[in-house]
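Below you'll find the structure, written out as structure tokens, and then a few comments.
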Amino acid sequence: KKIILISFVALLLFVAAAGYYLYNKGPVDVKRSRAVIVDATELYSLFSSDSLKAKEKFTAKVLLVHGEVTEISVNSKLQKIVLLKTGIDGAYVNCTLEESGESIIPSGTISLKGICSGIGEGDTDLGIPGDVYLTRCIVSTQ
């Protein structure tokens, strides 16, 4: 009985310590994290050809995406959104910036570092392809 009780208490302490660590860990530091380097066109192509494999490889990972800026806009939270060209009409790599991004110009080439959250569904009835989404993006000099 003692061994079972000691094992249970040890397991309980381990679970409590792991929970405490994960709770206080904080968000990923995009600026300092290592990134998977990929071109915007290639990233979209991988998601549209084999989304399961691409999700496994890229989703929830920090990516450094190179591409041509198609459009710059602002969302309802007043965050800048940069759309990168993918080579497919109406399909973009949609990047939400975490910083001001004042140096970004349409039709210019840029490298953005952010966390991939996967591909959106789009609307097949209307012929609108889904975008690949990156969040917490920063302009990278790499």
Side-chain angles (χ1 to χ4, degrees), residues 3-142:
I3 293 174
I4 293 173
L5 182 61
I6 291 171
S7 298
F8 180 73
V9 170
L11 180 64
L12 188 63
L13 287 172
F14 175 75
V15 169
Y20 180 78
Y21 169 76
L22 291 174
Y23 180 77
N24 291 307
K25 183 177 163 186
V28 174
D29 184 1
V30 174
K31 211 172 253 187
R32 292 192 180 115
S33 294
R34 285 197 170 172
V36 177
I37 301 170
V38 65
D39 183 71
T41 307
E42 179 187 353
L43 179 65
Y44 192 85
S45 175
L46 291 168
F47 266 102
S48 59
S49 65
D50 189 354
S51 64
L52 291 176
K53 191 174 181 181
K55 281 180 188 177
E56 184 179 302
K57 187 174 181 179
F58 298 115
T59 302
K61 297 203 171 77
V62 176
L63 304 182
L64 178 62
V65 181
H66 305 287
E68 183 181 334
V69 177
T70 301
E71 184 181 325
I72 303 166
S73 61
V74 177
N75 67 11
S76 61
K77 295 180 181 178
L78 302 177
Q79 297 169 307
K80 259 193 188 165
I81 306 295
V82 177
L83 299 180
L84 300 179
K85 192 179 281 188
T86 62
I88 296 172
D89 224 14
Y92 306 98
V93 175
N94 186 316
C95 307
T96 305
L97 294 184
E98 195 169 67
E99 54 186 27
S100 66
E102 294 169 0
S103 62
I104 303 171
I105 55 170
S107 300
T109 305
I110 194 164
S111 295
L112 294 172
K113 193 173 180 183
I115 301 171
C116 181
S117 53
I119 190 166
E121 290 183 24
D123 191 334
T124 53
D125 293 338
L126 296 175
I128 300 171
D131 290 349
V132 174
Y133 291 91
L134 267 71
T135 58
R136 300 186 50 218
C137 293
I138 58 168
V139 177
S140 179
T141 57
Q142 291 181 346

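Numbers here are sequence positions counted from 1.
Side chains of T86 and V93 form a contact here, defined as non-hydrogen atoms less than 4.5 Å apart. Side-chain contact check for F58 versus V132: every heavy-atom pair is 4.5 Å or farther apart. Looking at heavy atoms from C-beta onward, T109 lies out of side-chain contact with H66 at the 4.5 angstrom threshold. In this structure, T59 and F47 have side chains that are in contact, with non-hydrogen atoms separated by less than 4.5 Å. L84 is listed as a side-chain neighbour of I110, based on a closest heavy-atom distance under 4.5 Å. Within the 4.5 Å cutoff, the side chain of Y44 has heavy atoms near those of the I119 side chain.
No more than 12 heavy-atom neighbours from other residues, nucleotides or ligands sit within 6.0 angstrom of CD1 on I3. Other residues, nucleotides and ligands contribute only 12 or fewer heavy atoms inside 6.0 Å of the CG atom of D89. More than 12 heavy atoms of other residues, nucleotides or ligands lie within 6.0 Å of CG in L11, so this atom counts as buried by the packing criterion.
One distance of note links CD1 of I115 with SG of C95; it measures 12.5 Å at 0.5 Å rounding. The distance from atom CD1 of I37 to atom CD of E42, rounded to the nearest 0.5 Å, is 11.0 Å. In this structure, NZ in K55 is found 10.5 Å from SG in C116, a value given to the nearest 0.5 Å.
Heavy-atom minimum distance, D131 versus G90: OD1-O, 3.9 Å. Minimum heavy-atom separation, P129 to A91: CG-CB, 3.7 Å. Here the closest non-hydrogen pair linking I138 and V30 is CG1-CG1, 4.2 Å.
K113 places a side-chain N or O within 3.5 Å of a backbone atom of K31 that can act as its donor or acceptor partner.
When the options D39, L64, V65 are evaluated for a side-chain contact (heavy atoms from CB on, under 4.5 Å) with S111, the one that passes is L64. Just one residue in the list L97, L134, L63 forms a side-chain contact (heavy atoms from CB on, under 4.5 Å) with L112, and that residue is L97. Just one of K77, R136, K80 meets the salt bridge (charged side-chain N to carboxylate O under 4.0 Å, His left out) condition when paired with E98; it is R136.
Residues satisfying the salt bridge (charged side-chain N to carboxylate O under 4.0 Å, His left out) test with R32, not counting sequence neighbours, are D29.
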*For I81 and N94, run side chain to side chain contact (heavy atoms under 4.5 Å, CB included): C-alpha distance rounded to whole Å, both residues' side-chain angles, the deciding distance at 0.1 Å, then the answer.*
CA-CA 7 Å; I81 306 295; N94 186 316; 3.2 Å; yes

